[in-house]
2 protein chains.
Amino acid sequence: MTNKKKDIMEKLKKAILSLELKPGTIISETALAEKFNLSRTPVRDILKGLALQGYIDIYPKKGNIVSYIDLESVEQITYLRSILEKEIIKDLSPNIPINGLHKLRDILAKQKDCIESSEKNQDKLDRFMVLDDAFHKTLFELAGRNFLWDLIQQFNVHYMRYRKLHAFKEDKLKKLLQEHQEILDCIVLGQKDKIDDLVYNHIRADINSLYFRENFMEYIKKPSN
Amino acid sequence: MTNKKKDIMEKLKKAILSLELKPGTIISETALAEKFNLSRTPVRDILKGLALQGYIDIYPKKGNIVSYIDLESVEQITYLRSILEKEIIKDLSPNIPINGLHKLRDILAKQKDCIESSEKNQDKLDRFMVLDDAFHKTLFELAGRNFLWDLIQQFNVHYMRYRKLHAFKEDKLKKLLQEHQEILDCIVLGQKDKIDDLVYNHIRADINSLYFRENFMEYIKKPSN
DNA sequence: AAACCATAACTTGTATACAAGTGAATTTAT
DNA sequence: ATAAATTCACTTGTATACAAGTTATGGTTT
């Protein structure tokens, strides 16, 4: 795929993930083509790619829209991640390399800085979440499971947006950081018996909260019936 | 996506999975377009889709080829499946519904028939493997993890072909069936402690065998260096 | 006024002509 | 004869015109 097309694809992905493009927003081939000075053909390639990864829904001869958040996908992906990560962490536990440990501690330090900083609330949250991803991604990398991290990322549209919409408060961020710390401690000390519950609580804790369903109805995919 | 396109896509997928189209085979847009009486545009859509799921590799301005089997993908996917399935089976263990049990036993009976049948070797192997997939898919379904089964299927090109190339002998099929039986017994009897090893041996046993690397070199992706 | 039908303005789907790389064959120069 | 340069046949990438389905609009009929 040519670079210009990849750039546009990334741009659209970011806009959708950041909710700048809200679920339901119409994505028109001709509009995009004009905006980027391209013909419809390459634009169609891009939209096909976005559709295959769940970013948009294509309704033949009608139009394309930004997909609504699919809570089923969120539930399934968090299940997958909690199962995988608890295993990965156990694999890692006795034999984590020292530079890996440094990398993880470095990320936690940055998360601490982030919490204590005085920037705007949404910016702080975004930055914290980037670091959160970095922490988990590093765990995958250290265990030689980069491949699986990337695989999951390809299906993360719904979970990423779900997470962003949670208006996490300062004490929630502190809790997340502390859980990271505890996970790291378990790895270093080899306390494998604690890991299952830790990871479960960290990733799956407040899934299926009614709060979310009630407050973001217009963003959520209606169950097909 | 229109039906004709979907049909062609499925046809190509089957041909690639069955190794009728060997890794490295050139897939030309114009050739496909002529063969199916279509223009290049819809054919391109199809090829884009196949590329995103790893079936083919697109070399811009050069051509497209059927992808070589990526042993890294095989290793990662079998790891993912062994981790997931042992968890799913544990989830299922105490509370499996009776009709689910019937369905699983029915599949095992068919596998037994298959082994004892006198059909041609490759046909027998193919039929056995379809039943193998049915068994595992049913486990996912019963645990409410259909979504994750489908997700994994989208990345199964390399594992499926790897498995097919293994010239399983009759006693290997018997062993696979017996392992299925043991897994089912564990579920019914609630013997969760046995499950980890059982699933690991069943799915990950002879991964990374040198036999495969030596005998199917021409099908395998060379490590990038 | 309400129901219905035709039409027009949209959308994406497809066909085709042309652009632009790539690599091998051929020609040319040394 | 050999090496370099060029041309040509091939590939996919892009632009554009047209086909075909969908939906809203407005006029007609009842």
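Below, chains carry the letters A, B, ... as their sequence lines are ordered, and counting in each starts from 1.
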(request) Specify the separation, in whole Å, of atom CD1 of A:Ile46 and atom C1' of D:dT14. (result) 12 Å

(request) Indicate yes or no: at least one non-hydrogen side-chain atom of A:Leu12 is less than 4.5 angstrom from one of A:Leu21. (result) yes

(message) Show every salt bridge (Lys or Arg N to Asp or Glu O under 4.0 Å) that has at least one partner inside residues 50-67 of chain A, sequence neighbours left out.
(response) none

(request) With a 4.0 Å heavy-atom cut-off, tell me which residues in residues 49-57 of chain A come close to DNA chain C, sorted by residue number. (result) none

(request) Determine: side-chain N/O of B:Lys5 to OP1/OP2 of C:dT14, distance under 4.0 Å, yes or no. (result) yes

(message) Does atom NZ (B:Lys110) have a neighbourhood of more than 12 heavy atoms from anything else shown, all under 6.0 Å?
(response) no

What's touching nucleotides 8-11 of chain D from the protein side, N or O pairs under 3.5 Å?
from	atom 1	to	atom 2	distance (Å)
D:dT11	O2	B:Lys61	O	3.4

(request) Kindly indicate whether a cation-pi arrangement holds for A:Arg161 with A:Tyr219, taking the cut-offs as under 6.0 Å to the six-membered ring centre and within 45° of the axis. (result) no

(request) Under the side chain to side chain donor-acceptor pair (under 3.5 Å) rule, collect the residues that match up with B:Asp150, sequence neighbours excluded. (result) none

(message) Here's a test of your reading of the structure: between B:Tyr59 and A:Pro60, which maps to the more 5' nucleotide of DNA chain D?
(response) B:Tyr59

(request) Calculate the interatomic distance between A:Asp45 atom CG and C:dT12 atom P; express it in whole Å. (result) 15 Å

(request) Tell me, please, which residues at least two apart from B:Asp70 pass side-chain contact (heavy atoms from CB on, under 4.5 Å). (result) B:Glu72, B:Ser73, B:His158, B:Lys221

(message) Would you say CG of A:Leu101 has more than 12 non-hydrogen atoms from neighbouring residues, nucleotides or ligands within 6.0 angstrom?
(response) yes

Which atom pairs link the protein and nucleotides 16-18 of chain D when you take only N or O atoms and keep those under 3.5 Å?
from	atom 1	to	atom 2	distance (Å)
D:dT16	O4	A:Thr41	OG1	3.3

(request) Round to the nearest Å and state the distance from A:Ile58 atom CD1 to D:dG21 atom C1'. (result) 16 Å

(message) I'd like to check B:Leu151 versus A:Leu151 (side-chain heavy atoms, cut-off strictly below 4.5 Å). Are they in contact?
(response) yes

(message) Rounding to an integer number of Å, can you tell me how far B:Asn3 CG sits from C:dT14 C1'?
(response) 16 Å

